[in-house]
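For reference, the structure discussed in these notes is given below.
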Amino acid sequence: MKHKLDLLENAIDSLREALEKYEDGEAKGLSSYKFAILHFSHFFELLFKHYVTQSHPLLIYKNPFSKKIEKENTIGLWEAVQFLKNEGMEISKDFNDDLIWIKKLRNDIEHFKFELNAMEVRQVLGRLIRATNEFNDEHGIIDVADYLGGVHLKIYNELGDEYEAKLANARILASEASDDDDGHYCDSCGESYVAAKKGGELHCQFCEEVTFLFECIHCHEDYREDEVRTWNDDHSPHIDYMCNYCYDTIMNM
Ligand SMILES: [Zn+2]
Ligand SMILES: [Zn+2]
């Protein structure tokens with residue numbers, strides 16, 4: 001039972017630390033912002049592990065059947081996520097997008113490909129808060145408000161609300177501006193329903209990325225670059241593309 005308590009306490013410590021570093025960042029600049037994101041990412045991981053140990057404390061270990069349990073490695077975030085899926089838990093579209101995005105974020109942090117301005121940091125923390133709230137709403141783990149008080153809670157809510165408002169706004173703009181009246185997934189920010197389809201392009205109303213689309217010569221639907229292959233480039237500069245689905249169907253006939 002010891003681990004269970006430690007995990008939750010450590011998680012909340014990391015969360016407080018993250019919010020404090022964020023506040024420092026407003027005065028001290030980017031290195032504090034980086035730590036804010038690192039601490040928040042750590043909090044998120046511990047929250048997941050805490051969730052797993054609610055089923056049984058020994059599940060924190062990769063091999064709970066080991067004879068030398070104290071020497072066993074503990075699970076990581078992705079094992080904890082997999083546990084959730086194996087339990088048959090419903091995972092919402094937004095939350096799944098968040099997990100994919102968090103994977104990329106952690107990878108970028110580890111490989112030092114990590115340069116963010118103050119605006120982007122607000123957005124990254126806002127999204128991590130959205131993911132935390134979504135996880136808590138879906139699985140009722142902890143009520144963050146009960147563990148955070150005063151200024152911590154104020155920053156947490158502010159960043160979370162700002163992100164939600166900006167996202168909701170982008171989704172409305174996307175469906176209004178889209179040729180097909182529908183918002184689309186954006187590869188760049190990894191959010192659903194945020195990109196407007198205009199001609200042969202997707203214009204993200206959230207992160208402002210523009211993605212070129214390619215029409216499939218067979219089914220005439222539009223696809224992203226990684227979803228098509230060159231079908232015919234004999235008449236350069238005109239090149240025909242075919243979507244992977246049509247291509248596979250034709251090749252397997
Ligand atoms: Zn985007
Ligand atoms: Zn096609």
Side-chain angles (χ1 to χ4, degrees), residues 33 37 40-41 44 91-109 113-134 159-235 237-253:
Y33 281 146
I37 292 172
F40 204 112
S41 159
F44 194 73
I91 292 185
S92 72
K93 176 93 186 78
D94 275 347
F95 189 56
N96 197 52
D97 290 346
D98 286 340
L99 290 173
I100 294 166
W101 171 84
I102 286 169
K103 196 166 204 165
K104 187 175 167 298
L105 176 72
R106 285 165 59 102
N107 195 48
D108 286 351
I109 294 174
K113 289 179 291 185
F114 196 65
E115 291 282 333
L116 294 174
N117 63 39
M119 261 287 287
E120 289 168 325
V121 170
R122 281 182 87 84
Q123 197 145 317
V124 168
L125 289 174
R127 185 164 195 176
L128 284 164
I129 289 168
R130 193 271 297 264
T132 304
N133 289 341
E134 210 139 323
L159 291 174
D161 291 348
E162 180 181 291
Y163 187 88
E164 291 283 0
K166 195 180 167 206
L167 181 64
N169 193 38
R171 286 177 169 170
I172 292 168
L173 287 175
S175 63
E176 279 175 0
S178 199
D179 292 346
D180 56 5
D181 301 320
D182 252 336
H184 297 265
Y185 178 78
C186 169
D187 256 346
S188 181
C189 62
E191 284 288 0
S192 294
Y193 319 115
V194 288
K197 198 165 161 186
K198 295 181 185 181
E201 295 170 350
L202 284 178
H203 292 245
C204 181
Q205 307 297 306
F206 191 59
C207 75
E208 294 177 5
E209 182 80 5
V210 176
T211 312
F212 292 98
L213 296 173
F214 299 82
E215 189 184 329
C216 169
I217 192 174
H218 193 248
C219 68
H220 301 290
E221 295 286 329
D222 290 324
Y223 294 91
R224 292 185 182 79
E225 190 173 10
D226 62 344
E227 296 169 322
V228 294
R229 55 185 86 199
T230 305
W231 181 248
N232 184 343
D233 55 5
D234 292 347
H235 312 289
H238 180 81
I239 300 173
D240 292 326
Y241 295 93
M242 189 175 289
C243 76
N244 292 335
Y245 180 77
C246 290
Y247 185 90
D248 289 344
T249 307
I250 287 171
M251 287 306 165
N252 291 323
M253 265 182 192

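Order of listing sets the numbers, starting from 1, for every ligand and every atom in it.
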Can you confirm whether [X] sits close enough to [Y] that some side-chain heavy atom of one is under 4.5 Å from a side-chain heavy atom of the other?
X    : Y    : result
V194 : Q205 : no
H218 : T249 : no
S188 : C204 : no

Of all heavy-atom pairs between [X] and [Y], which one has the smallest distance, and what is that distance?
X    : Y    : result
V124 : W101 : O-CH2, 3.6 Å
T211 : R224 : CG2-CG, 4.4 Å
D240 : H238 : OD1-NE2, 2.8 Å
D97  : E191 : OD2-C, 4.1 Å

message: Tell me if the aromatic rings of Y163 and F206 count as close, with their centers under 6.0 Å from one another.
response: yes
Atoms named by residue and atom, protein N, O or S, within reach of the Zn ion (ligand 1) (under 2.8 Å):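 Listed by chain and number, the atoms are C186 SG, C189 SG, C204 SG, C207 SG.
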- prompt: Is the shortest distance from a Lys or Arg side-chain nitrogen in K197 or D182 to a carboxylate oxygen in the other one below 4.0 Å?
  reply: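 Salt bridge flag = no for D182 with K197.
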field: Environment of the Zn ion (ligand 2) in terms of protein N/O/S atoms, cut-off under 2.8 Å
entry: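 Per the 2.8 Å query on the Zn ion (ligand 2), atoms found are C216 SG, C219 SG, C243 SG, C246 SG.
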